[in-house]
> 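The structure is given below, and queries will be raised subsequently.
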Amino acid sequence: MSEILLQIDGKEVEAKEGMTILEAAQKAEISIPTLCHLEKLENYGACRICTVEIENRGRTQLVAACLYPVERNLVVRTRSGKIDKIRKVLLDLMLAHAPDSQALKDLAQQYGADQSRFEKEPSFCILCGLCVRYCAEVKKKNAVAFVDRGVRREISFIPEIASKECWNCKECFPLCPTSYLQAAYFLVEGLTFPPSSASVDP
Ligand code: FES
């Protein structure tokens, strides 16, 4: 794999072909916020909080750092008025769904996001898909999945699988940026698991 030189926040960074901007930045200890990214998982690009500005061959573009591959001589800016504004609006929206999420509150403080900007619709899930993808890609169980579409889209445990697979796993719980997942699991466990299903405290 050939080495690629690019510039991130004015710093010359060396990356390997095939790396994303996020991976190159992390290697150079340049921080870019993420909510739906996990190294073990395929890149997904759901939350867009990792948006950065790139400049290549005279063109400026906003891209998701967790998806966009490094290119020779690429100039990347991880903070600017425009980027901060995008992150702020995304956080405003996500906070309307999950106002108590500590991960969101921490980022909100950094970007001046405002919990009360949008009407609250506490679904408590920001659809980052970490739980769904972790269960599918790492555990190969598919015990939790996306259901429905559009504004009704949500994650849901599949009782037939979850009652057999989740009670001694729960590896997805700490990945959830909003803690919604635990509540969803215990609800499904309480309502649908057969009485004989093994269950332990989290
Ligand atoms: Fe890049 Fe979520 S971390 S889109």
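Ligands are counted one by one from 1 in listed order, and the atoms in each one are counted from 1 as well.
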> Under 4.0 Å from a heavy atom of Gly45: which atoms of ligand 1 are those, numbered in the order shown and with their elements?
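Numbered from 1, ligand 1 contributes 4 (S).
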
> Need the ligand 1 atom indices (1-based, order shown) with element for anything under 4.0 Å from a heavy-atom of Cys47.
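Heavy-atom distances to Cys47 below 4.0 Å select 2 (Fe), 3 (S), 4 (S).
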
> Would you kindly specify which portion of Ala46 sits under 4.0 Å from ligand 1, judged on non-hydrogen atoms: side chain, backbone, both or neither?
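Backbone only.
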
> Ignoring hydrogens and angles, state whether a donor on the side chain of Gln110 or Asp106 is under 3.5 Å from an acceptor on the partner side chain.
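Gln110 vs Asp106: no donor-acceptor pair found between side chains.
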
> Are the aromatic rings of Phe173 and Tyr134 close, with centres under 6.0 Å apart?
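So the answer is no for these two rings.
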
> Measuring from atom CZ of Arg87 to atom CE of Met94, what distance do you get when rounded to the nearest 0.5 angstrom?
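Answer for the CZ-CE pair, Arg87 versus Met94, is 11.0 Å.
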
> Counting each atom of ligand 1 from 1 as listed, which ones have a heavy atom of Cys66 under 4.0 Å away?
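Numbered from 1, ligand 1 contributes 1 (Fe), 3 (S), 4 (S).
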
> Distance under 4.0 Å to a non-hydrogen atom of Thr34: what atoms of ligand 1 satisfy this?
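Going through ligand 1 atom by atom, the ones under 4.0 Å from Thr34 are 3 (S).
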
> Should the ring pair Tyr44 and Phe146 be called parallel, tilted or perpendicular, given that the plane angle runs from 0 to 90° and is split at 30 and 60?
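Rings of Tyr44 and Phe146: parallel, under 30°.
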
> Got a sec: is Cys36 within less than 2.8 Å of atom 2 (Fe) of ligand 1 via an N/O/S atom?
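Of the N, O and S atoms in Cys36, at least one lies under 2.8 Å from atom 2 (Fe) of ligand 1, which means yes.
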
> Supply the atom-to-atom distance Thr34 OG1 to Ile49 CD1, rounded to the nearest 0.5 angstrom.
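Those atoms lie 9.5 Å apart.
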
> For ligand 1, which atoms sit closer than 4.0 Å to a heavy atom of Cys50?
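In order of number, 1 (Fe), 3 (S), 4 (S).
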
> Distance from Ile32 atom CD1 to Thr20 atom OG1, nearest 0.5 Å?
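If we round to the nearest 0.5 Å, Ile32:CD1 and Thr20:OG1 are 8.0 Å apart.
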
> Looking at atom 4 (S) of ligand 1, what's its closest protein heavy atom, distance included?
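The answer is Arg48 N, 3.1 Å.
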
